[in-house]
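Structure, as structure tokens:
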Amino acid sequence: MPKHAPSRRMITSALPYANGPIHLGHIAGAYLPADIYVRHLRSAGEDVLWICGSDEHGAAITLRAKKEGTTPRDIVDTYHAEMQKAFEGLDISFDHYSRTSSPKHHQVAQDFFLTLLDKGAFEVKTDEQFFDEEAQQFLADRYIQGTCPSCGHDGAYGDQCEKCGKTLSPTELVNPRSTLSGSTPVLRPTTLWYLPMGRHEDWLRDYIVEGTLDGQAHHNPKEWKAHVLGQCRSWIDGGLESRAMTRDLDWGVPVPVEGADGKVLYVWLDAPIGYITSTMEWCEQNGQDWRDWWQDPSADLLHFIGKDNIVFHCIIFPILLKEHGGYNLPTNVPANEFMNLEGDKISTSRNWAVWVTEYLEDFPEGSDAMRYVLTAIMPEQKDSEFTWSDFRDKVNNELADVLGNFVNRVLVLTRKYYDGAVPAAPADDALDATDRALLETLAAAPAKVGDLITRHRYKEAQLEAMNVARLGNKYLTEQEPWKLQKTDPVRTATIMHLTCQVVGNCAVLLGPFLPQTAAKIAASFGVPDARWNDARPDLVSAGTVLGDLPILFAKIDDDTVAAQVAKLGQKGDASDSSNRDLMPAKDEITFEDFTKLDLRVGTVLECEKVPKADKLLKLVVDTGLDTRTVVSGIAEHFAPEDVVGRQVTLLINLAPRKLRGIESQGMVLMAGTDDGGLRFVTPEEGVAPGNVVS
RNA sequence: GGCGGGGUAGCUCAGCUGGUUAGAGCGCAGGAUUCAUAAUCCUGAGGUCGGGGGUUCGAGCCCCCCCCCCGCUACCA
């Protein structure tokens with residue numbers, strides 16, 4: 001049987017990468033659900049520790065530093081501070097927020113690496129890597145730019161094209177160039193430490209699919225999300241490849257091995273170890289032993305991440321932990337899917353995002369409102385969609401009208417009838433069926449909401465908590481104390497006593513979701529320190545004088561919505577050409593080099609999709625000289641019928657090459673657009689097939 | 001093309017190992033009500049559960065085929 005009651009829970013949220021600010025998608029994915037989970041457990045008196053920190057290594061940061069004429073240290077310091085501000089602004093309550101550039105972390109990561117090395121976890125291989133002869137150094141993936149083979153974008157990096165999102169390896173780039181010197185890099189051998197993941201497939205399959213580890217029940221896989229299990233199974237069944245765990249770079253945790261100068265640990269190795277370092281730091285400050293959290297088998301380990309991190313947290317990191325030995329493996333990885341924004345994917349480069357610190361500037365008291373909306377649309381099982389009009393509706397109709405107004409009407413009535421003091425509790429036999437039903441619901445709510453949170457059903461949990469306020473509204477409206485007050489003051493006191501209990505319980509139940517609002521309500525209703533287990537029908541003491549309570553939620557008007565929508569997609573700086581990922585100029589060539597190219601105008605005669613290839617079109621082109629077949633990777637941008645009849649520019653003396661079994665006898669010239677699109681390079685009128693382009 | 005996850009009321013989403021008239025919140029329509037931040041409460045109208053076959057006494061849930069969206073992967077001269 002899987003263990004059921006862990007002695008303590010170790011919680012991590014994905015370390016955010018310190019080269020850009022935090023947006024709502026990040027929050028909804030990995031931070032808000034963890035915060036709700038942890039706040040609930042803390043309130044319920046569970047032993048829980050939640051750590052996070054900035055992921056500050058990797059080539060993207062050094063690259064950005066170079067581009068902005070500053071140092072990596074400056075970059076990470078800036079964004080470390082920026083991200084902390086964002087998290088604090090939304091009341092994301094990490095127990096500890098660390099950073100991977102700290103000396104402590106370097107030490108921990110190196111020790112971890114050395115242990116793995118000792119245990120034979122790595123394979124050392126010598127591989128060909130791109131080397132910049134001018135700068136005299138090996139080039140990390142991010143230091144190589146070129147034309148994306150997928151979308152034709154000119155500024156694709158060696159690991160990924162940020163226009164089309166395609167993951168790449170440097171050797172796939174067309175016309176690779178070093179971003180350090182602009183020169184064309186050459187391949188040279190270098191030593192890399194690989195993690196041979198293939199040898200771990202068997203136990204991983206048991207661990208993921210069956211939830212068993214070393215022959216023992218470890219966790220219940222049915223509690224894992226379908227998309228998490230599906231993706232893991234897909235990877236394992238597809239066969240796991242070896243992955244390099246080191247990089248040739250000078251910013252990161254140095255590989256602690258003789259002769260490994262200029263090599264650092266791969267960020268994906270170094271970052272999750274940051275979870276451990278962060279825990280150690282907290283434990284040192286709080287007189288605890290970090291091993292109790294990471295190595296005591298009775299402790300749970302949960303990773304909150306977005307779906308882009310599933311493979312790392314469910315496969316690679318567990319391999320590392322198991323190879324190292326002594327560590328617990330994750331008992332659940334409740335990854336969320338992605339949140340879209342106003343009908344489109346969130347995109348940093350297009351500035352199609354809502355940045356947390358900007359939001360908080362526009363809505364200084366808006367933490368709870370945003371938390372509520374993000375929880376209500378949390379992408380728990382599929383991608384979801386954030387729109388500002390929906391934000392307005394939820395804030396106005398649910399937070400302000402249902403919750404805020406309910407609390408206010410109870411407060412006002414209590415003040416009007418009892419000078420603000422909660423009336424005495426009714427005698428048990430004075431309760432009618434409606435009262436009892438209300439009390440039963442109140443009594444059952446903490447377990448109900450808590451259970452949903454524990455099962456990572458945050459949307460539903462929040463709805464249930466809000467339903468308590470809804471029930472309060474219904475009860476008030478049906479009981480009509482404002483009428484009874486004149487004829488039956490005893491009954492009125494009963495009603496008002498009970499509604500005060502409803503409000504008090506709301507404060508506790510909504511605490512994990514709306515910490516600021518809950519604290520305000522709790523303070524006003526005399527239960528500022530109430531915890532989860534205190535939530536029950538007699539929470540609020542009779543005689544409590546209700547404190548002042550300002551309007552909890554201001555309504556949001558249409559102009560505000562329109563202003564926020566208008567901000568999307570606009571560059572902060574009009575002159576922000578630096579945001580365009582233009583490829584740097586290439587090495588100079590001679591005129592003679594140029595004349596080697598035989599560029600001609602051609603007319604497309606036929607065009608069809610290449611079977612079993614999503615991106616390839618087969619064109620038959622009249623070049624004037626002949627009719628030839630050209631295969632081009634443009635199927636995602638053009639339908640075959642759109643291409644037939646077009647005049648195109650064609651490189652006709654390129655060596656033929658077989659693509660998907662079809663010989664391509666040339667190359668069609670395309671221009672990439674800023675948004676990742678493609679355009680044909682077409683001559684003006686009056687040009688015939690075969691005419692030379694020069 | 002392969003693999004994984006989705007496609008359910010106008011919108012955002014739930015629907016456990018198949019079982020009575022398919023649900024919630026919001027929006028919408030009508031009514032009630034006034035303690036309250038024109039708030040609240042009640043009632044109702046909206047779904048051939050992407051499409052088509054099949055298994056079953058019975059399918060949104062299982063099987064086959066097809067279409068669309070997201071992610072990974074192959075193809076990219």
Side-chain angles (χ1 to χ4, degrees), chain A residues 147-152 164-168 172 174-175 222 225-235 237-238 306-308 310-311 337-338 340 345 373 376-387 389-390 393-394 396-417 457 459-460 462-464 466-467 470 472-483 485 492 495-496 499 550-555 609-617 630-636 651 654-662 664-669:
Chain A
T147 304
C148 174
S150 177
C151 71
C164 67
K166 159 86 177 168
T167 51
L168 302 167
E172 291 178 87
V174 182
N175 297 320
K222 287 185 177 173
K225 298 191 185 190
H227 71 270
V228 175
L229 287 175
Q231 194 169 332
C232 291
R233 260 199 301 260
S234 171
W235 270 73
D237 292 346
K307 70 172 164 185
D308 49 337
I310 289 172
V311 171
E337 304 252 0
F338 288 156
N340 295 317
K345 284 189 249 191
V373 174
I377 62 169
M378 198 171 271
E380 290 173 351
Q381 334 193 42
K382 58 182 166 193
D383 291 355
S384 70
E385 168 103 1
F386 178 95
T387 66
S389 61
D390 185 53
D393 289 346
K394 286 189 163 62
N396 292 354
N397 305 333
E398 299 178 38
L399 286 179
D401 290 351
V402 173
L403 177 62
N405 182 51
F406 169 61
V407 173
N408 189 51
R409 60 199 296 214
V410 174
L411 185 73
V412 168
L413 286 171
T414 307
R415 286 193 164 160
K416 195 174 282 183
Y417 301 154
R457 309 283 301 248
K459 271 195 288 219
E460 201 179 343
Q462 179 171 261
L463 180 69
E464 285 297 338
M466 284 293 288
N467 278 344
R470 289 195 170 91
N473 271 325
K474 181 180 163 76
Y475 181 78
L476 262 188
T477 302
E478 286 173 353
Q479 299 298 320
E480 301 181 308
W482 46 90
K483 284 185 178 167
Q485 168 66 1
T492 305
I495 294 164
M496 290 315 299
T499 52
I551 292 294
L552 291 173
F553 296 99
K555 297 219 181 180
K609 275 211 67 174
V610 175
K612 298 188 178 182
D614 285 356
K615 300 185 180 176
L616 300 182
L617 290 184
V630 175
V631 178
S632 186
I634 58 174
E636 290 185 323
L651 178 61
L654 188 65
R657 158 129 179 207
K658 271 202 169 180
L659 295 169
R660 284 274 148 177
I662 302 167
S664 180
Q665 303 159 316
M667 176 171 164
V668 177
L669 269 51

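So that the names make sense, note that chain A is the first sequence line, chain B the second, and so on, each numbered from 1. Note: hydrogens, waters and symmetry copies are ignored here, and every other heavy atom, side chains too, is used.
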Nearest-Å distance, [atom1] ([X]) to [atom2] ([N])?
X: A:Ile662; N: B:A77; atom1: CD1; atom2: C1'; answer: 15 Å
X: A:Glu398; N: B:C11; atom1: CD; atom2: C1'; answer: 12 Å
X: A:Tyr475; N: B:U33; atom1: OH; atom2: C1'; answer: 18 Å
X: A:Glu464; N: B:G23; atom1: CD; atom2: C1'; answer: 13 Å
X: A:Arg233; N: B:G5; atom1: CZ; atom2: C1'; answer: 11 Å
X: A:Met378; N: B:A24; atom1: CE; atom2: P; answer: 23 Å
X: A:Asp308; N: B:G4; atom1: CG; atom2: C1'; answer: 15 Å

Could you list all N or O pairs between the protein and nucleotides 69-71 of chain B that sit under 3.5 Å apart?
residue: B:C70; atom: O2'; partner: A:Lys307; partner atom: NZ; Å: 3.2
residue: B:C70; atom: O2'; partner: A:Asp383; partner atom: OD2; Å: 3.0
residue: B:G71; atom: OP1; partner: A:Lys345; partner atom: NZ; Å: 2.7

Could you measure between the two [atom1] atoms, the one in [N] and the one in [M], and give it in whole Å?
N: B:G10; M: B:U55; atom1: P; value: 32 Å
N: B:G23; M: B:G44; atom1: P; value: 12 Å
N: B:C16; M: B:G53; atom1: P; value: 25 Å
N: B:C13; M: B:A74; atom1: C1'; value: 34 Å
N: B:C64; M: B:U12; atom1: C1'; value: 33 Å
N: B:C11; M: B:G19; atom1: P; value: 27 Å

Under-4.0 Å side-chain N/O to phosphate OP1/OP2 contact, [X] with [N]:
X: A:Arg457; N: B:G15; answer: yes
X: A:Lys382; N: B:A14; answer: yes
X: A:Lys394; N: B:U12; answer: no
X: A:Arg470; N: B:U40; answer: no
X: A:Gln381; N: B:A14; answer: yes

Touch class at under 4.0 angstrom, heavy-atom based, for [X] against every strand present:
X: A:Ser384; value: sugar-phosphate
X: A:Glu380; value: nothing
X: A:Arg415; value: nothing
X: A:Val631; value: sugar-phosphate
X: A:Ser632; value: sugar-phosphate

Side chain A:Ser234, main chain A:Gly230, donor-acceptor under 3.5 Å
no
Residues in side chain to side chain donor-acceptor pair (under 3.5 Å) with A:Asp237, at least two apart?
A:Arg205
Taking salt bridge (Lys or Arg N to Asp or Glu O under 4.0 Å) as the test, write out the residues that go with [X], two or more places apart.
X: A:Lys382; answer: none
X: A:Arg415; answer: A:Asp548
X: A:Glu380; answer: none
X: A:Lys459; answer: none

Closest to the A:Lys459 side chain: B:C72, B:C13, B:A74?
B:C13
Given B:A74, B:A77, B:A24, identify the nucleotide with an atom nearest to the side chain of A:Leu463.
B:A24
Between the side chains of A:Glu337 and A:His227, is a donor N or O closer than 3.5 angstrom to an acceptor N or O?
yes
Who are the side-chain contact (heavy atoms from CB on, under 4.5 Å) partners of [X], not counting sequence neighbours?
X: A:Ala554; value: none
X: A:Asn340; value: A:Lys345, A:Asp383, A:Glu385
X: A:Phe386; value: A:Leu24, A:Met339, A:Leu341, A:Met370, A:Val373, A:Leu374, A:Ile377, A:Trp388, A:Phe391
X: A:Leu413; value: A:Tyr417, A:Leu476, A:Pro481, A:Trp482, A:Met496

Atom pairs under 3.5 Å, N or O on each side, protein against nucleotides 35-37 of chain B: can you list them with distances?
residue: B:C35; atom: O3'; partner: A:Lys416; partner atom: NZ; Å: 3.2
residue: B:C35; atom: O2; partner: A:Arg409; partner atom: NE; Å: 3.3
residue: B:C35; atom: N3; partner: A:Arg409; partner atom: NE; Å: 3.2
residue: B:C35; atom: N3; partner: A:Arg409; partner atom: NH2; Å: 2.5
residue: B:C35; atom: N4; partner: A:Arg409; partner atom: NH2; Å: 2.7
residue: B:A36; atom: O3'; partner: A:Asn408; partner atom: ND2; Å: 3.2
residue: B:A36; atom: O2'; partner: A:Asn405; partner atom: OD1; Å: 2.5
residue: B:A36; atom: O2'; partner: A:Asn408; partner atom: ND2; Å: 3.1
residue: B:A36; atom: N1; partner: A:Arg409; partner atom: NH2; Å: 3.4
residue: B:A36; atom: N3; partner: A:Asn405; partner atom: ND2; Å: 3.1
residue: B:A36; atom: N3; partner: A:Arg409; partner atom: NE; Å: 3.2
residue: B:U37; atom: N3; partner: A:Phe553; partner atom: O; Å: 3.3
residue: B:U37; atom: O4; partner: A:Leu552; partner atom: N; Å: 3.4

Rounded to the nearest 0.5 Å, how far does NZ of A:Lys225 lie from CD1 of A:Ile310?
9.0 Å
Using heavy-atom distances to pick each residue's nearest nucleotide on RNA chain B, tell me which of A:Lys609 and A:Glu480 is more 5'.
A:Lys609
Can you pull every protein N or O that's under 3.5 Å from an N or O on nucleotides 27-31 of chain B?
residue: B:G27; atom: OP1; partner: A:Asn397; partner atom: ND2; Å: 3.0

For atom NZ of A:Lys609, decide whether the heavy atoms of other residues, nucleotides or ligands shown that lie under 6.0 angstrom number more than 12.
yes
In Watson-Crick or G-U wobble terms, with both distances under 3.5 Å, the base opposite B:C26 is B:G10
